Every structure is written in structure tokens, then in C-alpha cells.
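In what follows, a single structure is set out as C-alpha cells and then discussed.
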Amino acid sequence: MKTTLFVKSILGALLLTALYMFFNMILGQTSTIDNMFWGILSNYLVALLLGYYIMSSGLGGLRLSISVFLIYFLIGHFNILIEAYIFNVSSRHETTLELIRGLIISLTFAPIYVYIFRRKIAKEAVNFSKRSIISWLWRIIVADILYLFLYIIAGFVLTLVYPQLLQFYEGKIPPFDILINTQLFIRGFIFIGIALLMLNTLNISAAKKGLLIGLTFAIIGGIAPLIPPNELMPSYVRLGHGFEVGISNFVYGVLLTFLLKLKRSTKAELHPGMAFRSTD
């Protein structure tokens with residue numbers, strides 16, 4: 001499994017790099033050899049995590065492609081670009097352009113990458129016990145508030161140990177209500193939704209789920225996009241944010257896993273419609 005994952009992740013990284021280069025050509029943007037190297041490294045980390053998800057998922061075919069698309073686009077593009085926009089790092093035009101590019105690349109990449117990992121063995125359905133509405137509500141509310149808490153703590157610690165960032169963000173910090181509402185009602189719920197998607201479709205232990213979700217949030221949702229050089233954010237800012245987002249998102253993903261985890265149901269509890277079925 002490990003050899004297959006590492007080798008096919010190289011193919012995924014090259015595919016992602018080719019897609020980004022193609023869109024750069026369309027937009028009249030040039031890529032240096034240095035940028036290409038860092039881009040391949042970034043894309044390899046993304047492909048590695050998504051490849052592990054594909055190999056560990058109880059889904060197949062179209063539903064697996066949709067899941068990979070949602071994880072990559074929402075965590076690796078949408079959540080990041082919304083943050084950049086409210087902090088005035090990117091303009092409305094730049095944000096819209098990058099969202100469109102990310103959407104098209106994610107839609108193209110997901111089904112091809114799933115096909116690269118195609119498996120001929122039958123997949124085990126993932127079945128879970130029911131949970132009451134009250135139980136769901138308090139868990140989701142706590143999970144959302146937990147994200148905001150970790151976000152604020154991580155930002156506060158970063159400015160204490162890395163005060164140079166305050167110079168970069170001078171005049172760019174959004175009004176407090178916009179900042180809080182964006183984290184609570186957009187980014188927090190997206191993280192929760194993707195965590196639930198992964199929890200419900202992975203056929204691995206709870207500990208491995210926690211590690212994978214934490215790494216997905218940390219790397220796809222933070223570290224990987226910060227690796228390649230870009231004109232919007234200097235290297236010292238990307239480095240600082242890499243540590244901040246990497247640590248806080250990883251911790252959040254792990255805690256979220258154990259807060260939202262579902263108990264596998266017994267045969268007696270199952271009834272039609274409760275299981276996620278594979279349809280390769």
C-alpha cells in the first residue's frame with residue numbers, strides 16, 4: 001500500500017502541476033524553475049493525503065470523486081481564499097479568479113486521480129449508529145466555537161512570537177464582526193462538514209481518522225498553499241502562517257474527529273439507507 005501510495009502520489013503531483021501551469025499560460029502568467037519546484041512539492045503533499053483518503057475510503061466511482069473534489073476545493077481553495085479576501089491580501093477580482101481556477105482544477109483533478117487509484121476489490125460499506133438531533137446540535141456548536149477559539153489563540157500567539165507580521169497586516173485587518181462571523185459561520189462550518197464527510201467514508205481506525213483529518217486541515221488547508229512563492233505574501237509571512245495554521249488546524253482536526261466520531265452500528269441496528277455503499 002505504501003509503495004503504491006507514494007508512486008501514484010507523484011503522478012497526482014505532476015497532474016496538479018500541469019493543470020496549474022496550463023491555467024497560468026491561459027492567464028499569461030509565467031512560472032520560474034524555482035516556483036515549479038516548490039509547486040511540485042506543494043502538490044505532492046496534497047496528492048499524498050488525498051491518495052491515502054482514496055485508498056482508505058469506503059466509497060468508489062463517482063461518489064468518491066465528488067468527495068475528493070469537495071475536500072480539495074473547500075479546504076484547499078475556498079476556505080483559504082475567503083480568509084485572504086477579508087484580510088485584504090487579495091482583491092475581489094483576484095479572489096474570484098482564483099476561486100474559478102481552483103474550482104476547475106479540482107473538478108478536473110478529482111475524477112482523474114480517483115481513476116489512477118482505481119481498485120478492483122470490493123469495498124466494505126461504512127455503517128454507523130443513529131445519533132439524536134440534540135446530540136448533533138451540541139457537538140456541532142461546540143466544534144464551531146472550538147475552531148474560533150483555536151483560531152484566535154493561534155493568531156494571538158503568532159503576533160507575540162513573530163511581531164513582523166503586524167507590519168504586513170497594518171491597515172488590512174477586517175472589522176471584528178466580519179472576522180468573527182467569517183470564522184464561525186463560513187470557515188468553521190466548512191471544516192466541520194468536511195470532517196463529517198471523511199469520518200463517514202473512511203474505513204480506518206478512529207486514531208488514523210484523527211491523524212488524516214488533522215493533516216488534511218493542516219497541510220491542504222494551510223501549509224501546502226503557502227509553500228510556493230507568490231506576489232501577494234512575502235516569504236516571512238508565509239513561513240509564520242505555515243507554523244500557525246499547520247499547528248492550529250492539525251489540533252482542531254484531531255479534536256474534531258473525537259468530538260464528532262460516530263459509533264459503528266451492529267447488524268441489528270442496520271436498515272436500508274443507513275450504509276454508504278461502493279459503486280465502482
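Keep in mind it's a predicted model, so treat the numbers as computed, not measured.
- At most 12 heavy atoms of other shown residues, nucleotides or ligands fall within 6.0 angstrom of atom CZ in Phe243.
- Here the closest heavy-atom approach between residue Ile223 and residue Gly242 is recorded as CG1-O, 3.7 Å.
- Here the straight-line distance linking atom CD1 of Ile86 with atom OG1 of Thr182 works out to 4.0 Å at 0.5 Å rounding.
- Here the side chain of Ser56 pairs a donor or acceptor atom with the backbone of Tyr52 at under 3.5 angstrom.
- Asn79 contributes no side-chain N or O that, together with a main-chain N or O of Ile75, makes up a donor-acceptor pair within less than 3.5 Å.
- Side-chain atoms of Thr96 and Arg92 form no donor-acceptor pair, as typed in the model, at a separation below 3.5 Å.
- Although no hydrogens or angles enter the test, the distance criterion places no donor-acceptor pair under 3.5 Å between the side chain of Asp144 and the main chain of Ile140.
- A distance-only check finds no donor-acceptor pair linking the side chain of Arg101 to the backbone of Phe23 [under 3.5 Å].
- With hydrogens and angles ignored, the 3.5 Å screen pairs a side-chain donor or acceptor of Lys209 with a backbone N or O of Leu199.
- Atom CD1 of Ile133 has 12 or fewer heavy atoms from other residues, nucleotides or ligands within 6.0 Å.
- For Thr95 and Ser90, the side-chain atoms include at least one donor-acceptor pair closer than 3.5 Å.
- The aromatic rings of Phe191 and Tyr147 sit tilted relative to each other, their planes meeting at an angle between 30° and 60°.
- Considering CG of Leu48 and CG of Leu5, their distance stands at 5.0 Å, rounded to 0.5 Å.
- The shortest side-chain heavy-atom distance between Leu260 and Leu196 falls under the 4.5 Å cut-off.
- Annotation: side chain of Leu146 is not in contact with side chain of Leu256 (no heavy-atom distance under 4.5 Å).
- Ring geometry for Phe109 versus Tyr113: interplanar angle under 30°, hence parallel rather than tilted (30 to 60°).
- Here Phe87 and His241 keep their ring centres 6.0 angstrom or further from each other.
- Asn249 places no side-chain N or O within 3.5 Å of a backbone atom of Ala218 that could act as its donor or acceptor partner.
- Listed for the Arg238 side chain is a donor-acceptor partner under 3.5 Å among the backbone atoms of Met233.
- Within 6.0 Å of atom CZ in Phe22, 12 or fewer heavy atoms from other residues, nucleotides or ligands are found, so the atom counts as exposed in its surroundings.
- A donor-acceptor pair under 3.5 Å is absent between the side-chain atoms of Gln183 and the main chain of Ile180, judged by distance alone.
- Checked by atom type and distance alone, the side chain of Tyr162 pairs as donor or acceptor with a backbone atom of Tyr236 at under 3.5 Å.
- Put simply, the side chain of Arg131 never gets that close to the backbone of Trp136: no donor and acceptor are under 3.5 Å apart.
- Between Phe73 and His77, the two ring planes are parallel [angle under 30°; tilted spans 30° to 60°].
- To the nearest 0.5 angstrom, Leu255 atom CG is 9.5 Å from Phe250 atom CZ.
- Note: Leu184 CG to Leu148 CG = 4.5 Å, rounded to the nearest 0.5 Å.
- Cation-pi geometry between Lys8 and Phe6 is not met at under 6.0 angstrom from the ring centre and within 45 degrees of the axis.
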